[in-house]
Amino acid sequence: MRIATWNVNSIRTRQSHLLGWLNSAAPDAVGLQETKVEDSLFPRDVLEAAGYRCAISGQKSYNGVALLSREPIEDVRIGFSALLPGDSEAENLGEQRRVISGWIDGVRLLNLYVPNGSEVGSEKYQYKLAWLNCLRRYLDVQRQQGEALCMVGDFNIGLEDRDLHNPSRLSGGIMASELEREALQACLGDDLRDAFRLFEPDSGHWSWWDYRSAAWDRDRGWRIDHLYLDEELQQRALRCIIHKEERGREKPSDHAPVSIDLSDELPDADSGDELW
DNA sequence: ATGACTAGGTCACCTAGA
């Protein structure tokens, strides 16, 4: 099973890029962020024609998340409120469409578009911290459900210095400040692991390159698009790929897709004698 | 170099992104 995440920066502008990439990378399930379109205008027809079912939570101009899947998407949950009924902050944060999850082929796929935060100390930064704190409460409930969990998205956080092209200049600033890193780390607990780091310890691997400053040509990027796996799914992880070539196309999104491959079945500890 | 580029909405530049 191949699961991917991609901030497309407008699904309508990126529609042909997306269709081409779905065809070549053939993911089974995808979390999209920044669709930037209200649900009635979401290009559901062309995606269904390409073989993907859609679960969407969008809004005009900003934000917007979606799930695509070849297999049925069951038990779709939109917003934090779906697992935090009566939580007024969860309800308020739900005005921005940034959270969607679905049950796909035995996996709870949770797709997130974490707020950017603008500038450390700003009102938007406080919103980002409050949002991450709400995510922590949401995950507390999610964990109680006992479902296999894969949490993907644009986290807008370089969690460690090796995820930044210039840590000496960028560390401590927006997307790399101590408080937001701690807030995300608190969400991860001791069970959720960054799939990319299961395979690659080195720096120099990015998923986002600023449109400005010729960041792509200079390969000055950040690794802010992540897939997190719970302990059960970590056992099934085979590889994690950043589809960097998508950032090099004409009129690209500023983010590249990232995918993981999961083996079809868990290694079975009780039957290790078949092959040996 | 407190910038740079891109997308959406609305209609000339503004907000927002990260």
Side-chain angles (χ1 to χ4, degrees), chain A residues 5-19 21 31-43 56-66 93 95-99 111-132 135 152-181 183-184 196 203 205-226 242 244 246-258:
Chain A
T5 179
W6 196 5
N7 180 323
V8 290
N9 186 18
S10 170
I11 193 167
R12 288 178 291 178
T13 297
R14 227 62 65 196
Q15 188 179 117
S16 64
H17 297 70
L18 175 59
L19 290 171
W21 181 75
L32 299 175
Q33 307 88 36
E34 282 208 274
T35 53
K36 293 188 172 179
V37 67
E38 55 197 299
D39 292 352
S40 63
L41 297 175
F42 188 92
I56 61 181
S57 179
Q59 66 186 97
K60 199 172 178 177
S61 304
Y62 307 120
N63 310 311
V65 285
L93 294 172
E95 288 174 15
Q96 298 187 14
R97 304 294 203 237
R98 297 175 177 275
V99 180
N111 178 34
L112 305 173
Y113 175 44
V114 178
N116 166 264
S118 186
E119 200 178 326
V120 174
S122 68
E123 201 169 306
K124 288 178 182 173
Y125 182 70
Q126 294 306 322
Y127 185 94
K128 184 178 196 174
L129 295 177
W131 196 95
L132 289 165
L135 173 60
V152 311
D154 174 2
F155 286 82
N156 270 320
I157 295 174
L159 197 51
E160 301 174 294
D161 278 356
R162 58 181 167 166
D163 301 320
L164 289 50
H165 68 87
N166 185 348
S168 61
R169 188 169 67 84
L170 301 170
S171 190
I174 196 62
M175 300 197 296
S177 70
E178 196 173 342
L179 287 179
E180 60 194 293
R181 284 174 165 178
L184 177 53
F196 188 77
S203 185
H205 301 276
W206 323 124
S207 66
W208 172 77
W209 295 259
D210 200 320
Y211 285 126
R212 299 167 295 184
S213 318
W216 168 252
D217 293 328
R218 297 168 170 172
D219 198 27
R220 295 182 180 178
W222 296 58
R223 201 179 64 83
I224 57 177
D225 300 273
H226 308 151
I242 300 175
K244 190 177 173 180
E246 292 304 314
R247 181 62 178 82
R249 298 199 188 284
E250 283 291 307
K251 296 263 293 175
S253 167
D254 43 355
H255 296 252
V258 187

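Scope of the values below: all heavy atoms of this structure, side chains included, with no hydrogens, waters or symmetry mates. Each chain gets a letter, A, B and so on, in the order its sequence line appears, and its residues count up from 1.
Between B:dA4 and B:dG17, the two C1' atoms lie 14 Å apart (nearest whole Å). The C1' atoms of B:dC5 and B:dA18 are separated by 12 Å, rounded to the nearest whole Å. B:dC14 sits 16 Å from B:dG3 when the P atoms are compared, rounded to a whole Å. Going from the P atom of B:dT10 to that of B:dT15 covers 14 Å, rounded to whole Å.
Close to B:dG17, at under 4.0 Å from its OP1 or OP2, lies a side-chain N or O of A:K124. OP1 or OP2 of B:dA7 has at least one side-chain nitrogen or oxygen of A:K251 nearer than 4.0 Å. Between B:dG17 and A:R98, a contact under 4.0 Å exists linking OP1 or OP2 to a side-chain N or O. The shortest distance between the side-chain N/O atoms of A:H255 and the OP1/OP2 oxygens of B:dG17 is not below 4.0 Å. The phosphate of B:dG9 (OP1 or OP2) has a side-chain N or O of A:R12 nearer than 4.0 angstrom. Between A:Y113 and B:dA16 there is no side-chain polar atom (N or O) within less than 4.0 angstrom of OP1 or OP2. In this model, the phosphate group of B:dA18 is not approached by any side-chain N or O of A:N9 to a distance below 4.0 Å at OP1 or OP2. Within the 4.0 Å cut-off from OP1 or OP2 of B:dG9, at least one side-chain nitrogen or oxygen of A:S61 is found.
The salt bridge (Lys or Arg N to Asp or Glu O under 4.0 Å) test with A:K128 singles out one residue from A:E180, A:E119, A:E123, and that residue is A:E180.
Comparing A:K36 and A:N7 against DNA chain B, the residue whose closest nucleotide sits nearer the 5' end is A:K36. Nearer the 5' end of DNA chain B, as judged by each residue's closest nucleotide, is the contact made by A:R218, out of A:Q96 and A:R218.
Side-chain N/O atoms of A:S10 and base N/O atoms of B:dA7 include no donor-acceptor pair closer than 3.5 Å.
Across A:H255 and A:W6, no two heavy atoms sit closer than the pair O-NE1, 2.8 Å.
We find that CG of A:N116 is positioned 5 Å from P of B:dA18, with the value rounded to whole Å. Here the C1' atom of nucleotide B:dA18 and the CD atom of A:E180 are 10 Å apart, to the nearest Å. A:D254 has its CG atom 8 Å from the C1' atom of B:dG17, to the nearest Å. The separation between A:R247 atom CZ and B:dC5 atom P is 13 Å, rounded to whole Å. Atom CZ in A:R181 sits about 15 Å away from atom C1' in B:dA18, given to the nearest Å. The CZ-P distance, from A:R14 to B:dT6, rounds to 10 Å in whole Å. Atom CH2 in A:W216 sits roughly 22 Å away from atom P in B:dA4 (whole-Å rounding). Distance A:D210 CG to B:dA1 C1': 14 Å, rounded to the nearest Å.
For A:E160, the salt bridge (charged side-chain N to carboxylate O under 4.0 Å, His left out) partners at least two apart in sequence or on another chain are A:R162.
Stem regions for DNA chain B, each three or more consecutive Watson-Crick or G-U pairs with both distances under 3.5 Å and listed by first number, read B:5-9 with B:13-17.
A 4.5 Å side-chain heavy-atom check between A:W131 and A:Q96 finds every atom pair outside the cut-off. Within the 4.5 Å cutoff, the side chain of A:Y127 has heavy atoms near those of the A:L93 side chain.
Note on A:W222: nothing from the nucleic acid sits closer than 4.0 angstrom, heavy atoms only. In this structure, A:D225 reaches neither bases nor backbone, as no heavy-atom distance under 4.0 Å exists between it and the strands shown.
Side chains of A:T5 and A:D225: no donor on one and acceptor on the other come within 3.5 Å. Between A:N63 and A:R98, the side chains place a donor N or O and an acceptor N or O closer than 3.5 Å (distance only, hydrogens not considered).
Between A:F196 atom CZ and A:H205 atom NE2 the span is 5.0 Å, to the nearest 0.5 Å.
Set against B:dA4, B:dA16, B:dG9, the side chain of A:K60 has B:dG9 as its closest nucleotide.
Panel note: side chain A:H17, backbone A:K251; a donor-acceptor pair is recorded below 3.5 Å.
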